[in-house]
**Student:** 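Okay, here's the structure, questions in a sec.
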Amino acid sequence: MSKTRAAPSPMVAVADLPTPLGPMTAMATAQGLCALWFDARGRAGASLPATDDPDHPTLRATATWLQAYWAGTEGDVPRPPLDLQGTAFQAAVWAALLRIPRGQTRTYGEVAAQVQALTGRRAVPRATGTACGANPVGLIVPCHRVVGANGALTGFAAGLPRKQALLVHEGARLA
C-alpha cells in the first residue's frame, strides 16, 4: 500500500532505469519509491542522493514494474512500495489517479469529482491539475492519463510528445 507523508523522508537510493522513451530516474526512501521522473538528472541535479544503487529492493521492484508496463503486463506484477510525499489533497488526487485503468483517460474535472466524492471536500479541476503536476512518481501514478475537458493533451512534466506516446502505447483513444 502507498504511504503519503507531509514530512520528507531522506532519499537512500537512486538509479537510472531505461525505457523506450528515455531513461527514468527512480529514487527511494527507506519506506518506498518517492520519485520516478523522466529527465530527472537535469531537473533535480544536486538534490539527488550521491549513491546510485540499482540493487536497492525498491528500485529493483520499480525496474521490474517498468519492464512489465512496457510489455503490457504490469497488472501481473506488484507495484513497488510507494512513499509519496505531499499534502492531503495531493494524496487524494494521486489515489484517484491510481484508479484510472490502463488505456483509459479521465478529464481533470472527472478526477476532481472523484476526489470530492471520496473526501467530501470541494475539489476543482485547476487544483486537481496542479496536484497532477506535483505527482512525484510518473507512470506508476498515471497522471499521463488525465486530459483536458475536450480530450486534448495538456500539461505533462515530461512533455506532451511523451504523454501522447504513453497513451498510444496503452491503447487509449485520443481526441
Side-chain angles (χ1 to χ4, degrees), residues 1-9 19 21 24-29 31-38 40 43 58 61-62 64-66 68-70 72-175:
M1 186 69 183
S2 305
K3 287 179 77 178
T4 305
R5 305 138 90 55
S9 298
T19 82
L21 298 179
M24 295 189 83
T25 301
M27 294 165 257
T29 67
Q31 289 76 34
L33 186 68
C34 65
L36 181 64
W37 299 332
F38 286 105
R43 288 172 51 186
T58 296
T62 302
T64 299
W65 189 93
L66 283 173
Y69 171 81
W70 292 107
T73 60
E74 72 274 13
D76 297 341
V77 299
R79 184 174 58 223
L82 301 177
D83 185 15
L84 304 178
Q85 301 173 18
T87 67
F89 179 74
Q90 288 170 331
V93 169
W94 300 335
L97 298 179
L98 287 167
R99 291 182 176 90
I100 304 172
R102 179 188 181 93
Q104 295 185 24
T105 60
R106 300 289 185 271
T107 66
Y108 292 100
E110 289 170 329
V111 174
Q114 184 178 8
V115 168
Q116 188 167 328
L118 290 171
T119 65
R121 297 180 61 196
R122 185 170 178 266
V124 295
R126 183 173 294 213
T128 300
T130 300
C132 286
N135 171 21
V137 179
L139 291 188
I140 295 174
V141 178
C143 58
H144 63 279
R145 296 178 185 157
V146 183
V147 297
N150 62 357
L153 299 185
T154 60
F156 189 59
L160 293 181
R162 277 191 179 129
K163 182 173 187 166
Q164 181 175 9
L166 292 168
L167 292 171
V168 167
H169 169 72
E170 294 179 4
R173 291 182 34 205
L174 303 177

**Student:** Evaluate the side-chain proximity of F156 to V146: yes if any heavy-atom separation is below 4.5 Å, no if none is.
**Tutor:** no
**Student:** With rounding to the nearest 0.5 angstrom, report the CG to OG1 distance, N135 to T130.
**Tutor:** 13.0 Å
**Student:** Without swapping roles, check the side chain of H169 against the backbone of Y69 for a donor-acceptor pair under 3.5 Å.
**Tutor:** yes
**Student:** Looking at every non-hydrogen atom in both residues, tell me the closest pair between G155 and K163 and how far apart they are.
**Tutor:** O-NZ, 3.5 Å
**Student:** Between R162 (side chain only) and L21 (backbone N and O only), is there a donor and an acceptor less than 3.5 Å apart?
**Tutor:** yes
**Student:** Please examine the side chains of I140 and T62, heavy atoms only from C-beta on, and report whether any two atoms are closer than 4.5 Å.
**Tutor:** yes
**Student:** Measure the spacing between CG of L166 and CH2 of W70 and express it to the nearest 0.5 Å.
**Tutor:** 5.0 Å
**Student:** From the options R102, Q104, R145, select the one residue that forms a side-chain hydrogen bond (donor to acceptor under 3.5 Å, both in side chains) with E170.
**Tutor:** R145
**Student:** Is it true that, when you exclude R126 itself, more than 12 heavy atoms of the residues, nucleotides or ligands shown sit nearer than 6.0 Å to its CZ?
**Tutor:** no
**Student:** Kindly give the heavy-atom pair with the smallest separation between T154 and L160, and that separation in Å.
**Tutor:** C-CD2, 3.8 Å
**Student:** Hey, mind stepping through L66 and L36 against side chain to side chain contact (heavy atoms under 4.5 Å, CB included) and telling me if it holds?
**Tutor:** CA-CA 11 Å; L66 283 173; L36 181 64; 4.3 Å; yes
**Student:** Testing the basics here: between M24 and G138, what is the closest heavy-atom pair and its distance to 0.1 Å?
**Tutor:** CE-O, 4.2 Å
**Student:** Treating W37 as the side-chain partner and P136 as the backbone partner, does any N or O pair qualify as donor plus acceptor under 3.5 Å?
**Tutor:** yes
**Student:** Would you be so kind as to tabulate the donor-acceptor pairs closer than 3.5 Å made by side chains of residues 112-119, with sequence neighbours excluded?
**Tutor:**
unit_1 : atom_1 : unit_2 : atom_2 : d
Q116   : OE1    : A123   : N      : 3.3
T119   : OG1    : V115   : O      : 2.8
T119   : OG1    : R121   : N      : 3.1

**Student:** Can you see which heavy atom on G148 is nearest to which on T107, and at what distance?
**Tutor:** O-CG2, 3.5 Å
**Student:** Taking all heavy atoms of L97 and all of P142, pick out the closest pair and write down the distance.
**Tutor:** O-CG, 3.2 Å
**Student:** Passes side chain to side chain contact (heavy atoms under 4.5 Å, CB included), F89 versus T128? Steps please.
**Tutor:** CA-CA 9 Å; F89 179 74; T128 300; 4.0 Å; yes
**Student:** Taking only residues two or more places apart in sequence, or in another chain, which ones meet L174 in a side chain to side chain contact (heavy atoms under 4.5 Å, CB included)?
**Tutor:** L153, Q164, L167, V168
**Student:** Check the pair L98, V141 against side chain to side chain contact (heavy atoms under 4.5 Å, CB included), reporting the backbone distance first and the verdict last.
**Tutor:** CA-CA 5 Å; L98 287 167; V141 178; 4.0 Å; yes
**Student:** Using modelled atom types and a 3.5 Å cut-off, is there a donor and acceptor pairing between side-chain atoms of W94 and backbone atoms of A134?
**Tutor:** no
**Student:** Kindly give the heavy-atom pair with the smallest separation between C143 and C132, and that separation in Å.
**Tutor:** CB-O, 4.0 Å
